[in-house]
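On a predicted model such as this, the values are computed, not experimentally measured, just so you know. Order of appearance sets the numbers: ligands from 1, and atoms from 1 within every ligand.
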Amino acid sequence: MNFNLSEEHLMIQQAARDFAKSELLPGVIERDRDQKFPHEQVKKMGEMGLLGMMVDPKYGGAGMDSLSYVVAMEEIAKVDASAAVVMSVNNSLVCAGIEKFASEEQKMKYLVPLASGEVIGAFALSEPEAGSDATSQKTTAIDKGDHYLLNGVKNWITNGGTAQYYVVIAQTDPEKKHKGINAFIVERGWEGFEIGPKEDKLGIRGSDTHSLLFTDVKVPKENRIGEDGFGFKFAMAVLNGGRIGIASQALGIAAGAYELALGYAKQRKAFGTEIINHQAIAFKLADMATQITAARMLCFKAAFEKDEGKDISESGAMAKLYASQVAMDTTIEAVQVHGGYGYVREYHVERMMRDAKITQIYEGTSEIQRIVISRSISK
Ligand code: CAA
């Protein structure tokens with residue numbers, strides 16, 4: 001077993017780190033304050049290949065492995081967790097699902113622009129009354145011969161206001177429960193498809209989260225992904241991979257807050273010495289460094305297993321469960337290390353603390369991750 005990153009992975013890490021510093025750091029405080037989506041930055045991320053990292057180059061992607069994705073996600077999230085979730089959703093929930101399960105025609109039409117970053121995508125599973133309990137879909141897609149008629153509401157959809165293409169999960173046959181669920185590619189601008197108001201969120205305020213409203217939207221038959229009834233399995237498979245993305249985002253938030261806390265503790269003086277020389281502070285930093293390293297190892301393990309084609313439901317859930325807890329704990333302590341400075345925007349850590357919370361909620365709450373892990377270990 002080799003714990004060192006390869007030359008190639010180190011290059012990707014450096015490129016993402018440089019980009020985050022030069023393009024994301026300027027304005028990150030203002031984008032959070034004003035809830036401003038990083039349009040220009042996301043465009044550049046697309047040009048760098050960060051929005052379709054694991055997609056085959058023949059479909060417009062960068063053709064990299066999952067470890068490259070984890071490494072790049074960490075660097076982006078260290079600086080701007082909002083840009084990181086845009087990247088995670090486009091890569092893991094949209095591109096990966098289409099590449100693995102969609103038809104060749106769907107890939108040529110939708111994956112190429114999505115993976116090259118020409119447009120971005122969104123994944124619409126959650127509903128006002130179906131979050132954790134994802135099989136209870138109320139959105140319906142009724143078979144009308146050559147098309148489906150889509151009706152319903154989706155909630156808390158990341159990239160909801162900016163996406164061009166939406167992967168929408170809907171119930172086509174309620175009697176069959178989860179086996180009567182399908183996934184569809186829906187285009188922005190189709191008649192009857194309305195984007196609801198932007199959510200005013202605690203964190204990741206630079207990302208845009210919207211509800212989506214569908215009223216008699218005609219979805220062509222050829223836009224269904226996979227066989228009839230495959231939608232729930234599709235959503236679960238996609239989320240297994242998505243959880244590696246969010247785990248890496250959480251890892252990045254934690255690592256970013258830790259680096260700031262360490263830097264601050266080395267220069268801030270109190271009681272005649274730099275505060276890192278006080279055990280109360282040094283021990284906090286020691287715990288952060290240990291937990292972040294453990295979270296990184298879980299992310300790397302899940303990424304390796306994904307590339308080996310293994311079932312990653314357990315390793316992805318473990319990585320997300322643990323890394324999101326580390327993100328929360330680390331950011332709270334990073335604010336504490338900064339004292340009064342930590343409580344104001346200028347020092348970044350208060351934003352990171354707010355950003356960290358969502359990693360315990362979206363793409364499966366920590367409670368759902370425990371369900372997934374406990375079912376897996378008791379098989
Ligand atoms: N991987 C693959 N297949 C899975 C799976 C997994 N992780 N979990 C369940 N399945 C399969 C089961 O094997 C079963 O298949 P069969 O019919 O062939 O047996 C089927 O799916 C139904 O599974 P269950 O009977 O276990 O269903 P359940 O209702 O008891 O629970 C759940 C399933 C794991 C709790 C699931 O509902 C779940 O993951 N919920 C959380 C949903 C979620 O993560 N939402 C996030 C929204 S997306 C988001 O946040 C995006 C964003 O914008 C950032």
Side-chain angles (χ1 to χ4, degrees), residues 73 77 81-97 100-101 120-137 139 154-163 166-169 171 173 176-183 198-199 201 203-204 206-212 226-227 229-250 302 305-306 310-321 324 355 357-379:
M73 273 294 299
S82 295
V85 73
V86 177
M87 176 174 160
S88 181
V89 166
N90 204 69
N91 273 285
S92 321
L93 296 189
V94 181
C95 289
K100 188 154 185 208
F101 300 110
I120 60 167
F123 179 80
L125 171 68
S126 301
E127 298 186 353
E129 292 173 68
S132 291
D133 184 7
T135 59
S136 297
Q137 296 285 304
T139 297
K154 295 289 173 181
N155 256 23
W156 312 294
I157 306 305
T158 306
N159 299 343
T162 313
Y166 298 77
V167 174
V168 180
I169 311 297
Q171 185 69 254
D173 187 346
K176 290 190 187 158
K177 303 215 165 123
H178 73 270
K179 294 196 164 99
I181 289 175
N182 275 293
K198 187 169 175 156
E199 299 289 353
K201 308 189 296 284
I204 55 161
S207 69
D208 68 334
T209 310
H210 291 252
S211 52
L212 308 176
E227 292 296 306
F230 179 61
F232 192 73
K233 286 281 181 81
F234 168 84
M236 290 297 109
V238 163
L239 279 165
N240 286 338
R243 287 164 187 164
I244 300 179
I246 300 304
S248 314
Q249 182 200 24
E305 290 186 2
K306 182 165 181 287
K310 290 190 177 154
D311 176 356
I312 48 150
S313 52
E314 183 185 302
S315 58
M318 283 183 175
K320 183 179 182 290
L321 175 65
S324 61
D355 288 343
K357 185 61 205 169
I358 192 60
T359 65
Q360 296 184 304
I361 298 173
Y362 59 18
E363 297 200 27
T365 61
S366 296
E367 292 73 17
I368 290 293
Q369 306 312 323
R370 288 187 172 92
I371 290 179
V372 173
I373 297 162
S374 58
R375 284 181 183 174
S376 173
I377 59 177
S378 56
K379 262 184 208 159

K320 side chain to Q249 side chain, donor-acceptor N/O pair below 3.5 angstrom: no

Which atom pairs, donor and acceptor, lie under 3.5 Å between side-chain atoms of residues 84-94 and protein residues at least two apart or in another chain?
{"from": "S88", "atom 1": "OG", "to": "Y69", "atom 2": "OH", "distance (Å)": "3.4"}
{"from": "N90", "atom 1": "OD1", "to": "G121", "atom 2": "N", "distance (Å)": "2.8"}
{"from": "N90", "atom 1": "ND2", "to": "L51", "atom 2": "O", "distance (Å)": "2.9"}
{"from": "N90", "atom 1": "ND2", "to": "L114", "atom 2": "O", "distance (Å)": "3.1"}
{"from": "N91", "atom 1": "OD1", "to": "M53", "atom 2": "N", "distance (Å)": "2.7"}
{"from": "N91", "atom 1": "ND2", "to": "L50", "atom 2": "O", "distance (Å)": "2.7"}
{"from": "N91", "atom 1": "ND2", "to": "M87", "atom 2": "O", "distance (Å)": "2.9"}
{"from": "S92", "atom 1": "OG", "to": "Y69", "atom 2": "OH", "distance (Å)": "2.5"}
{"from": "S92", "atom 1": "OG", "to": "S88", "atom 2": "O", "distance (Å)": "3.2"}

Under the side-chain hydrogen bond (donor to acceptor under 3.5 Å, both in side chains) test, residues paired with S376 that sit two or more places apart: E314

side-chain hydrogen bond (donor to acceptor under 3.5 Å, both in side chains) involving S366 - partner list, sequence neighbours excluded: none

Aromatic ring pairing F234/F101, orientation class (parallel under 30°, perpendicular over 60°, tilted between): perpendicular

Just the distances, no angles: every ligand 1 N or O to protein N or O pair closer than 3.5 Å, one line each.
{"from": "ligand 1", "atom 1": "1 (N)", "to": "N240", "atom 2": "ND2", "distance (Å)": "2.9"}
{"from": "ligand 1", "atom 1": "7 (N)", "to": "N240", "atom 2": "OD1", "distance (Å)": "2.9"}
{"from": "ligand 1", "atom 1": "17 (O)", "to": "H178", "atom 2": "NE2", "distance (Å)": "2.6"}
{"from": "ligand 1", "atom 1": "17 (O)", "to": "K179", "atom 2": "NZ", "distance (Å)": "3.4"}
{"from": "ligand 1", "atom 1": "18 (O)", "to": "K233", "atom 2": "NZ", "distance (Å)": "2.8"}
{"from": "ligand 1", "atom 1": "26 (O)", "to": "R375", "atom 2": "NH1", "distance (Å)": "2.6"}
{"from": "ligand 1", "atom 1": "30 (O)", "to": "R375", "atom 2": "NH1", "distance (Å)": "3.3"}
{"from": "ligand 1", "atom 1": "30 (O)", "to": "R375", "atom 2": "NH2", "distance (Å)": "3.1"}
{"from": "ligand 1", "atom 1": "37 (O)", "to": "S132", "atom 2": "O", "distance (Å)": "3.3"}
{"from": "ligand 1", "atom 1": "39 (O)", "to": "R243", "atom 2": "NH2", "distance (Å)": "3.4"}
{"from": "ligand 1", "atom 1": "40 (N)", "to": "S132", "atom 2": "O", "distance (Å)": "2.8"}
{"from": "ligand 1", "atom 1": "44 (O)", "to": "R243", "atom 2": "NH2", "distance (Å)": "2.8"}
{"from": "ligand 1", "atom 1": "44 (O)", "to": "G364", "atom 2": "N", "distance (Å)": "3.0"}
{"from": "ligand 1", "atom 1": "50 (O)", "to": "E363", "atom 2": "N", "distance (Å)": "2.8"}
{"from": "ligand 1", "atom 1": "53 (O)", "to": "T158", "atom 2": "OG1", "distance (Å)": "2.7"}

Basic-acidic side-chain contact under 4.0 Å: R243, E363: no

